[in-house]
Amino acid sequence: MIGLEDIYKVVAAMAPLYVALTLGYGSVRWWHMFKPDHCDAINRFNCYFIMPFFGFEFTAHVNPYTMNYKFITADIIAKCLIGIILGLWANFSPKGSFCWSITAFSLSSLNNTLVVGVPLLQAMYGQLGVDLVVQSSVIQALLWIIALLFMLELRRAKSLPPPQTERKSSSSDLEENGGGAPAVVVVVPPSFWSIMKIVLFKLVKNPNAYSTILGLIWALLSHRWHFGMPSIIEGSIIIMSKAGSAVSMFNLGLFMGLQGKIMVCGLSKTLLGMVLRFIVGPASVAIGAVALGLRGKVLCVSVIQAALPQAIASFVYAQEYGLHAGILSTTVIIGTIASLPLLIAYYAILDVLP
């Protein structure tokens with residue numbers, strides 16, 4: 001059972017996030033130190049420099065040979081189920097929206113596994129909880145972050161203006177009268193493959209799309225032949241990766257300060273984000289876990305890790321790509337605070353289930 005000391009450890013892990021958030025908010029609202037273009041630059045620096053190092057660093061230290069592949073498969077089934085439902089909704093429902101399907105996938109699938117998940121699951125289930133939540137974090141970085149980036153780049157590519165070509169009119173009357181043939185602008189709609197080329201080219205240039213893949217390759221090789229990373233390289237990576245959570249929350253505070261309110265997206269969208277994060281996500285994982293026959297503590301960890309608060313990285317990507325950053329920021333800020341009593345409630349319910 002969770003004691004007060006365990007709750008304190010979780011709060012101690014969460015509190016520094018809100019220190020960085022408050023500093024970011026105050027630097028805009030109270031001290032007027034940053035302008036909107038400065039905030040965009042900080043977010044871009046975090047997105048393309050700090051976060052790739054963070055992804056590589058934690059993936060490189062995981063042992064892929066000891067993973068619980070049944071647990072991982074259950075998570076994959078759950079996320080694929082969410083993706084299929086959202087895809088059908090976006091394409092076949094009159095109210096369907098590709099943009100909102102991307103945001104809904106992010107809200108229901110991406111959680112804060114390391115900063116909040118590790119101390120919380122350690123308090124609940126010991127080393128088993130830590131091992132499984134770290135494995136979940138690796139799969140999130142390897143599959144679901146890349147899937148999110150793919151959808152965001154696809155949305156951006158589809159919104160680009162189509163190429164235009166000019167051609168001369170063949171009107172003989174104009175030529176006989178000495179008039180110049182007018183130029184006719186022809187809009188050529190982009191083909192599916194041309195859009196895919198743009199998306200893949202953008203992903204290749206984005207270090208977030210391959211940093212964790214490189215980390216996994218290193219983990220496979222280093223644990224297979226038992227060698228470590230040279231200290232000069234590891235130190236160079238750590239000095240960047242350690243800043244990930246702090247800079248992300250500081251930038252979240254900047255964003256909140258520029259908007260002038262905490263609940264940027266309004267009450268209805270805030271509630272939607274909470275439902276997707278704390279109900280839809282855990283429910284889908286529970287379906288996948290039960291379908292694969294997971295039982296006992298592994299089943300409990302599967303459900304609770306899916307109910308962890310929203311991943312801070314999801315806000316970083318939302319702001320970078322200009323897609324519903326308001327609802328992501330609100331879900332991170334309010335959801336992280338609300339998550340502790342909700343997760344304890346989940347823990348108590350799962351503890352009494354057979």
Side-chain angles (χ1 to χ4, degrees), residues 67-113 132-133 135-159 191-193 195-196 198-200 202-203 206 208-209 212-213 269 271-294 298-299 301-311 313-315 317-318 321 323-324 327-328 331 335 346:
M67 285 187 170
N68 187 324
Y69 291 103
K70 208 170 183 180
F71 167 83
I72 292 171
T73 304
D75 183 74
I76 293 174
I77 291 174
K79 303 304 191 296
C80 289
L81 179 63
I82 292 173
I84 291 170
I85 293 174
L86 290 174
L88 293 173
W89 173 74
N91 287 282
F92 299 106
S93 172
K95 296 183 179 180
S97 166
F98 181 56
C99 294
W100 274 107
S101 66
I102 296 173
T103 301
F105 179 82
S106 179
L107 287 167
S108 57
S109 303
L110 305 182
N111 46 26
N112 194 331
T113 50
L132 292 179
V133 78
Q135 293 173 29
S136 173
S137 181
V138 172
I139 297 303
Q140 177 171 286
L142 284 171
L143 297 181
W144 314 127
I145 291 293
I146 295 176
L148 176 65
L149 292 173
F150 176 84
M151 291 187 289
L152 289 169
E153 290 292 357
L154 180 61
R155 168 186 169 268
R156 179 178 283 180
K158 290 171 69 175
S159 65
S191 67
F192 172 80
W193 293 113
I195 292 176
M196 285 298 105
I198 295 172
V199 173
L200 294 176
K202 291 290 186 179
L203 286 178
N206 191 336
N208 291 286
T212 50
I213 296 175
K269 291 180 181 177
L271 293 176
L272 173 64
M274 296 301 169
V275 169
L276 289 170
R277 173 88 302 271
F278 296 113
I279 297 178
V280 175
S284 64
V285 170
I287 292 172
V290 172
L292 285 178
L294 296 182
V298 177
L299 172 61
V301 173
S302 298
V303 175
I304 290 179
Q305 66 83 25
L308 290 169
Q310 186 67 29
S314 61
F315 162 75
Y317 297 133
Y321 286 89
L323 181 64
H324 303 145
I327 189 172
L328 269 303
T331 307
Y346 268 117

> Below 4.5 Å, heavy atoms only, C-beta onward: do Leu154 and Lys158 meet side chain to side chain?
Replying inline: yes
> CG/Leu299 to CZ/Phe71 distance, rounded to the nearest 0.5 angstrom?
Replying inline: 10.5 Å
> Closest approach of Asn91 and Gly87, non-hydrogen atoms and distance?
Replying inline: ND2-O, 2.7 Å
>> Please determine whether side chain to side chain contact (heavy atoms under 4.5 Å, CB included) holds for the pair Tyr321 and Leu149, giving the CA-CA distance in whole Å, both sets of side-chain angles, and the decisive distance to 0.1 Å.
In response: CA-CA 9 Å; Tyr321 286 89; Leu149 292 173; 4.1 Å; yes
> Okay, side chain of Gln140, backbone of Asn111: is any donor-acceptor separation there less than 3.5 Å?
Replying inline: yes
>> If only side-chain N and O atoms count, and only distance matters, is there a donor-acceptor pair under 3.5 Å linking Gln310 with Thr331?
In response: no
>> One pair to check against side chain to side chain contact (heavy atoms under 4.5 Å, CB included): Asp75 and Leu143. What are the steps and the verdict?
In response: CA-CA 11 Å; Asp75 183 74; Leu143 297 181; over 6 Å; no
> Can you check whether Gly281's main-chain N or O pairs, donor with acceptor, with Ser284's side chain at less than 3.5 Å?
Replying inline: yes
>> With a 6.0 Å cut-off (strictly less than), is the heavy-atom count around OH of Tyr69, excluding the residue itself, greater than 12?
In response: yes
> How long is the gap from CD1 on Ile287 to CD1 on Ile82, to the nearest 0.5 Å?
Replying inline: 9.0 Å
> In Å and rounded to the nearest 0.5 Å, what is the CE to OG distance from Met151 to Ser106?
Replying inline: 8.0 Å
> Where do Val199 and Ala157 come nearest, in terms of heavy atoms and distance?
Replying inline: CG2-CB, 3.9 Å
> How far does CG of Leu86 sit from CZ of Phe98, to the nearest 0.5 angstrom?
Replying inline: 11.0 Å
> Do any pairs count as a salt bridge (Lys or Arg N to Asp or Glu O under 4.0 Å) and have a residue in residues 100-110, sequence neighbours left out, and if so which ones?
Replying inline: none
> What closest approach, in Å, do Asn112 and Leu308 show between heavy atoms, and which atom pair accounts for it?
Replying inline: O-CD1, 3.7 Å
> Which heavy-atom pair separates Ala74 from Leu292 by the least distance, and what is that distance?
Replying inline: N-CD1, 3.3 Å
>> With heavy-atom distances below 4.5 Å as the criterion, would you say the side chains of Ile279 and Met274 are in contact?
In response: no
> Between Ser302 (side chain) and Val298 (backbone), is there a donor-acceptor pair under 3.5 Å?
Replying inline: yes
> What are the two closest non-hydrogen atoms of Gln305 and Val133, and how far apart are they?
Replying inline: CB-CG2, 4.1 Å
> Of all residues at least two apart in sequence or in a different chain, which pass the side-chain hydrogen bond (donor to acceptor under 3.5 Å, both in side chains) check with Asn208?
Replying inline: Asn206, Tyr317
> So Trp144 and Phe105, would you call those rings parallel, tilted or perpendicular, with 30° and 60° as cut-offs?
Replying inline: perpendicular
> Which atom pair, heavy atoms only, marks the closest approach of Arg277 to Leu107?
Replying inline: NE-O, 2.8 Å
>> I need the Cys80 SG to Ile85 CD1 distance, nearest 0.5 Å.
In response: 11.5 Å
>> Is the shortest side-chain heavy-atom distance between Thr103 and Leu328 below 4.5 Å?
In response: yes
> Can you tell me how far CD1 of Ile72 sits from NZ of Lys70, rounded to the nearest 0.5 angstrom?
Replying inline: 13.5 Å
> Under 4.5 Å between any side-chain heavy atoms of Val138 and Met67, yes or no?
Replying inline: yes
>> Looking at Leu323, is its backbone amide N or carbonyl O close enough to the side chain of Arg155 to form a donor-acceptor pair, meaning the two atoms are under 3.5 Å apart?
In response: no
